[in-house]
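Note sheet for the following structure.
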Amino acid sequence: MKLQPKYADLVLNLLVAVVISLVVNFSYVLLMLVDVNSESQSRPANQKAIRCRAEGVLKVHPDGYGYLIYENGDSVYVPTQRMRWLGISSGDRVVADLMPPRHKKGHPIMGELLWHNGKKFDYGRLYTAPSKMTELLLQLFYYLVVSFVILSILTSVRRNYTVARFIRRCLWACLAAAVLYCLAPVTEWRTGRITFNFMGGRMFDYLLLLKCTFAVVASLLYGRIYVLISQRQAVVVENERLKNENLTTRYNMLVGQINPHFFFNSLNSLAMLVREKHDEKALTYIDQLSYTFRYILQNGQSTLMPLDEELKFAEAYGYLFKIRYADKLFFDVDVDPKYLKWQLPALSLQPLIGNAVKHNTITRSRPFHISIRTEDDCLVVSNPKIPKLEAEPSTGIGLENLRNRWLLITGHTIEILDDGKTFTVRMPLLKPSEA
């Protein structure tokens with residue numbers, strides 16, 4: 001089952017975000033594995049932990065500080081804050097590690113509390129500190145969210161890409177990263193509880209800042225690469241679409257150009273000449289008709305033709321209509337000789353002449369003129385608009401096919417102007433060196 005493009009993007013962004021999160025937390029994962037491996041190895045039998053410890057009864061001075069009194073009468077200093085934090089009071093029996101005195105003549109200081117009133121002391125009851133695995137999972141999830149959000153912001157621009165839109169998305173991604181940085185999960189060093197970064201008291205922790213920066217930079221780089229690849233694929237797809245459209249256009253063009261209606265009208269015009277015994281005109285008509293069909297069949301698959309060849313076809317094709325509309329249809333051709341070898345897609349004039357005759361009234365009282373001329377390196381075809389009383393059905397396929405063929409073959413588009421009185425089409429010509 002093939003995913004829809006939007007869902008495919010989400011899945012891909014999620015996978016890349018997982019990879020970035022793993023890379024960012026690689027050292028964390030590695031240390032976890034090392035710790036687990038170390039804990040799984042048993043300590044050699046002859047190796048014993050060496051600790052300097054004291055065991056005695058806690059006595060609290062009226063001033064608030066305490067002393068741990070040995071059985072031999074020696075004592076260990078216990079700070080008031082530590083007694084309150086550990087929840088120990090006068091008369092408790094305590095086993096604790098010792099720390100060296102702050103002064104040469106001072107008392108040793110109680111360090112880590114090991115046993116309290118005959119029970120092993122559990123520091124976990126002082127605060128709800130998460131396990132290392134919990135911290136790791138939180139870190140992985142956080143950087144996955146950061147990367148996924150940034151990637152989603154960046155990759156959405158590929159559907160309507162512009163440099164300005166991509167830059168704006170980068171700025172939005174950086175803003176989102178700054179907000180997420182404030183919401184990063186951190187462990188308070190005093191209590192061991194997990195909280196948000198902006199509440200932890202160390203907003204600019206260098207390690208957190210470094211990891212977030214790496215995640216943002218990696219996401220931005222991937223987003224840029226993804227957009228470029230998507231744009232390249234879009235160009236390839238568009239080229240294939242235009243090629244397929246070109247084949248369809250050529251087929252439709254041939255079907256429209258050699259249609260029974262045009263063929264039978266041409267035969268009727270020829271029969272009229274024969275009945276009226278216009279032998280010379282009939283022979284000329286046959287020559288022009290055969291030339292027209294031969295040009296269409298031979299050049300239907302051609303891409304570019306010189307302007308002089310296209311004008312010869314237009315003369316022959318127009319002659320067929322001039323016989324049908326005797327003394328009512330005229331072609332005004334004004335082409336600069338320097339453009340005769342310039343090129344244009346084959347059969348560009350045929351749909352313009354055919355549409356002009358098809359959709360306009362042509363009478364003896366109002367002769368119809370079709371103008372073919374060159375202006376500013378363009379071939380311009382225009383005609384007055386004199387709509388028929390009963391309009392011929394129009395699909396617009398002819399002009400749309402002509403526009404698409406010009407765009408595909410020349411890379412330029414034609415200009416269609418309709419002011420209600422005159423219909424004009426401007427087609428940029430190509431120099432032979434550019435073709």
ask   = Okay, side chain of N13, backbone of F148: is any donor-acceptor separation there less than 3.5 Å?
value = no
ask   = Would you say L430 and L304 make side-chain contact, with heavy atoms under 4.5 Å?
value = yes
query = Can you find a heavy atom in the side chain of K281 that is under 4.5 Å from one in the side chain of E276?
reply = no
inquiry  = Nearest 0.5 Å, please: how far is OG1 in T284 from CG in L289?
reply    = 12.5 Å
request  = Please step through side-chain contact (heavy atoms from CB on, under 4.5 Å) for the pair I88 and H116, ending with a clear verdict.
outcome  = CA-CA 8 Å; I88 56 180; H116 179 224; 3.6 Å; yes
ask   = What orientation do F313 and Y295 show, parallel under 30°, tilted 30 to 60°, or perpendicular over 60°?
value = parallel
message = Whether the side chain of S21 engages the backbone of L140 through a donor-acceptor N/O pair (distance < 3.5 Å, no angle test) should be reported.
response = yes
ask   = Are there more than 12 heavy atoms of other residues, nucleotides or ligands under 6.0 Å from atom CG of D376?
value = no
ask   = How long is the gap from CG on L349 to CG on L311, to the nearest 0.5 Å?
value = 6.5 Å
key: side-chain contact (heavy atoms from CB on, under 4.5 Å) assessment of Y291 paired with D287   = CA-CA 6 Å; Y291 177 82; D287 289 340; over 6 Å; no
query = Just by modelled atom types, is the L429 backbone N or O under 3.5 Å from a matching donor or acceptor in the Q343 side chain?
reply = no
request  = Anything under 30° is parallel, anything over 60° is perpendicular, the rest tilted; go ahead and classify Y317 against F321.
outcome  = perpendicular
request  = Keeping the roles fixed (side chain from S382, backbone from F423), state whether a donor-acceptor pair exists under 3.5 Å.
outcome  = no
request  = Can you measure from OG1 (T424) to CG (D418) and round to the nearest 0.5 angstrom?
outcome  = 8.5 Å
inquiry  = Quick check: do V94 and L113 have side-chain heavy atoms less than 4.5 Å from each other?
reply    = yes
Nearest heavy-atom neighbours spanning R426 and V380 = NH1-CG2, 3.6 Å
Enclosure of E375 CD (heavy-atom neighbours >12, cutoff 6.0 Å) = yes
inquiry  = If you define the side chain from C-beta out and look only at heavy atoms, does anything of E315 sit under 4.5 Å from T292?
reply    = no
inquiry  = Looking at K341, I want to see if its NZ is surrounded by more than 12 non-hydrogen atoms of other residues, nucleotides or ligands under 6.0 Å.
reply    = no
query = Got a second to check how far K358's NZ is from I353's CD1, nearest 0.5 Å?
reply = 15.5 Å
